[in-house]
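Single-structure report; data block below.
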Protein chains: 2
Amino acid sequence: MSTPARVRLAPEVRREQIVAAAQRLYSEQPYDQVSTAALAHEAGVARGLINHYFGDKRELFLEAMRRSVVMPEPELPYFPDKPLDERTRLVVEWILDAAGEYGQAWVNASGAANLHGSSDVQAVIDAADERAARLVLDAIGLPDDEALRVRLRSTAPLFKSVCREWLQRGTLTREEAVSLLTSTILLFVRQEHA
Amino acid sequence: MSTPARVRLAPEVRREQIVAAAQRLYSEQPYDQVSTAALAHEAGVARGLINHYFGDKRELFLEAMRRSVVMPEPELPYFPDKPLDERTRLVVEWILDAAGEYGQAWVNASGAANLHGSSDVQAVIDAADERAARLVLDAIGLPDDEALRVRLRSTAPLFKSVCREWLQRGTLTREEAVSLLTSTILLFVRQEHA
DNA sequence: CAGGCTATTGGCAGAGTGTCAATAACTCCC
DNA sequence: GGGAGTTATTGACACTCTGCCAATAGCCTG
């Protein structure tokens with residue numbers, strides 16, 4: 001055999017490998033139906049290694065979630081010369097397209113499933129929403145103001161639920177979704193001045 | 001001792017007792033940190049009884065969730081003589097007050113925490129949101145139209161996130177929350193005609 | 001008060017989780 | 001090229017948790 005029974009990798013590489021496997025499994029089954037044995041098997045690794053790298057099954061789950069939940073980073077469109085509402089519409093369209101291609105993970109993670117007030121899962125999602133709000137604010141060309149960011153991040157769950165109606169249920173058209181969300185954003189960022 | 005070691009109750013009573021205990025525990029700890037032993041102990045019951053009544057630990061969790069997640073039933077205000085936007089505002093105020101008194105559970109349950117597309121938890125929340133949309137539509141005095149209900153239920157997560165900003169983080173005032181949500185509802189139910 | 005119905009229990013078997021000392025892959029240096 | 005050291009990786013062990021089921025004993029009815 002060309003590959004020895006045991007392969008030794010750089011820690012970061014192995015970490016990635018395990019997280020990737022976790023993302024794969026958790027995209028098909030909920031948390032408590034995925035055993036550490038299954039996770040280890042999918043990653044092609046001994047079960048103990050999961051605890052070595054992540055300490056905890058839950059911690060690995062959170063790490064996988066952090067990756068799946070983040071809005072795709074890159075260049076949001078920016079058109080300084082166009083009016084605010086048009087810039088906003090373009091940003092919304094960009095987000096919806098990204099959601100469409102990028103997969104369901106972002107759409108499906110809109111809040112805490114447990115009833116617990118401050119859960120670790122909620123913290124992960126909050127961080128992602130906060131970051132998204134920052135990016136959008138920047139793309140629209142508004143200052144990264146505390147009050148503005150509060151308003152924008154509270155619309156993040158709305159984005160996800162509207163996307164669900166559009167993508168998964170087909171109860172809204174893309175155009176309707178764009179229109180509703182654009183108007184909402186404008187509503188939220190403008191009402192600050194009132 | 002006045003109470004015998006074993007007490008025999010009517011099934012519905014015992015069910016309630018167990019669900020109530022579960023609600024109590026799940027409001028403090030996430031799902032996978034609550035053992036069936038703890039649930040049974042809290043309810044003052046043998047562990048096996050949980051499986052007898054609910055079959056599954058998960059099923060008990062979902063039942064507890066169903067109760068915590070539902071918007072308080074009763075009479076939403078209704079003022080047929082006032083204009084639409086004023087009626088809407090009154091309904092929004094009623095909901096926010098209810099959220100304020102009623103506790104955090106409703107606010108905290110805004111979506112699925114796992115990455116899994118169609119989760120059982122999501123189904124419970126969807127049902128609650130659907131029902132809430134129906135109630136609100138009725139209170140505002142609009143017809144229970146499919147298209148309208150789609151729009152309204154997609155705003156449910158927004159209600160929850162705005163309430164979180166207001167109640168838990170204090171980053172929005174009550175008045176701001178009322179104003180933002182009222183405008184959003186009007187936006188969503190009106191844009192249908194466009 | 002006896003007998004039956006069934007709510008309730010306790011213990012068992014299997015699966016899952018975290019820990020830890022032992023193992024062996026890879027590197028560095030001679 | 002080979003030996004020693006570093007540390008990534010493993011496998012087994014102890015423990016907890018879950019679901020199941022036959023045995024038990026409240027409560028009701030006659």
Side-chain angles (χ1 to χ4, degrees), chain A residues 1-26 28-65 113-114 116 119-121, chain B residues 1-26 28-65 113-114 116 119-121:
Chain A
M1 284 181 274
S2 54
T3 47
R6 195 190 281 203
V7 188
R8 189 190 176 107
L9 295 180
E12 316 87 49
V13 177
R14 203 27 69 94
R15 253 189 97 91
E16 293 308 307
Q17 194 180 53
I18 296 175
V19 173
Q23 283 184 286
R24 241 171 294 141
L25 289 186
Y26 284 130
E28 290 169 2
Q29 293 174 328
Y31 173 74
D32 61 300
Q33 280 184 32
V34 179
S35 65
T36 54
L39 288 164
H41 180 75
E42 176 77 17
V45 148
R47 215 168 46 76
L49 207 56
I50 288 180
N51 298 287
H52 175 67
Y53 277 112
F54 301 92
D56 215 290
K57 178 189 175 184
R58 183 147 200 91
E59 199 49 49
L60 169 55
F61 170 72
L62 290 177
E63 185 57 35
M65 185 147 208
N114 44 22
H116 187 212
S119 87
D120 43 9
V121 176
Chain B
M1 284 182 275
S2 54
T3 47
R6 193 190 281 203
V7 188
R8 188 191 176 105
L9 296 180
E12 316 85 51
V13 178
R14 200 31 64 97
R15 253 189 99 90
E16 292 309 306
Q17 195 181 51
I18 296 176
V19 173
Q23 283 184 286
R24 240 172 295 141
L25 289 186
Y26 284 130
E28 290 170 2
Q29 291 174 330
Y31 172 74
D32 62 300
Q33 280 184 32
V34 179
S35 65
T36 54
L39 289 164
H41 180 75
E42 175 78 16
V45 148
R47 214 168 46 76
L49 208 56
I50 288 179
N51 296 289
H52 176 65
Y53 276 112
F54 301 92
D56 215 293
K57 178 190 175 184
R58 183 143 200 95
E59 199 49 50
L60 169 55
F61 171 72
L62 290 177
E63 185 57 35
M65 188 148 207
N114 45 22
H116 187 213
S119 88
D120 44 8
V121 176

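Letters A, B, ... mirror the listed sequences (proteins, then strands); counts begin at 1.
- No contact: A:F54 has no heavy atom under 4.0 Å from any strand.
- A search for side chain to side chain donor-acceptor pair (under 3.5 Å) contacts involving B:Q33 returns nothing, not counting sequence neighbours.
- In this structure, the CD atom of A:E59 is 13 Å from the P atom of C:dT19, given to the nearest Å.
- Between the P atom of D:dG26 and the CZ atom of B:R8 lies a distance of 10 Å, rounded to the nearest Å.
- Rounded to an integer number of Å, the gap from NE2 of A:H52 to C1' of D:dT7 is 8 Å.
- Heavy atoms only, all atoms of each residue included: A:E59 and A:F54 are closest at CB-O, 3.2 Å.
- Dashed line: the shortest gap from a side-chain N or O of A:R14 to OP1 or OP2 of D:dA8 is not under 4.0 Å.
- Against DNA chain C, the stretch residues 41-50 of chain B makes heavy-atom approaches under 4.0 Å through B:V45, B:A46, B:R47, B:G48, B:L49.
- When the side chain to side chain contact (heavy atoms under 4.5 Å, CB included) test is applied to B:E16, the partners found at least two apart in sequence or on another chain are B:R67.
- Under the rule for a salt bridge (Lys or Arg N to Asp or Glu O under 4.0 Å), the partners of B:D32 that lie at least two apart in sequence or sit in another chain are A:R58.
- Ring-plane geometry between B:F61 and B:Y26 is classed as perpendicular, the angle between the planes exceeding 60 degrees on a 0 to 90 degree scale with a lower cut at 30.
- For the pair A:E12 CD and D:dT7 P, the interatomic distance rounds to 13 Å; values are reported in whole Å.
- Within the 4.0 Å cut-off from OP1 or OP2 of C:dG16, not a single side-chain nitrogen or oxygen of A:T36 is found.
- Rounding to whole angstrom units, CD1 of residue A:I18 and C1' of D:dA8 are separated by 11 Å.
- Nearest nucleotide to the side chain of B:R6, out of D:dA8, D:dC20, C:dT8: C:dT8.
- Pairs passing the side chain to side chain donor-acceptor pair (under 3.5 Å) check and including a residue from residues 35-46 of chain B, sequence neighbours excluded, read B:R24-B:E42.
- Looking at the side chain of B:Y53, the nearest of the listed nucleotides C:dT8, D:dA8, C:dG18 is C:dT8.
- Counting only heavy atoms from C-beta on, B:V7 has its side chain closest to D:dC27 among D:dT18, D:dC27, C:dT17.
- Between the CG atom of B:N51 and the P atom of C:dT9 there is a distance of 13 Å, given to the nearest Å.
- Note: NZ (B:K57) to P (D:dC20) measures 15 Å, nearest angstrom.
- Atom CD in A:Q33 sits roughly 16 Å away from atom P in C:dA15 (whole-Å rounding).
- The side chain to side chain donor-acceptor pair (under 3.5 Å) check on A:R14 picks up A:Q17, with sequence neighbours excluded.
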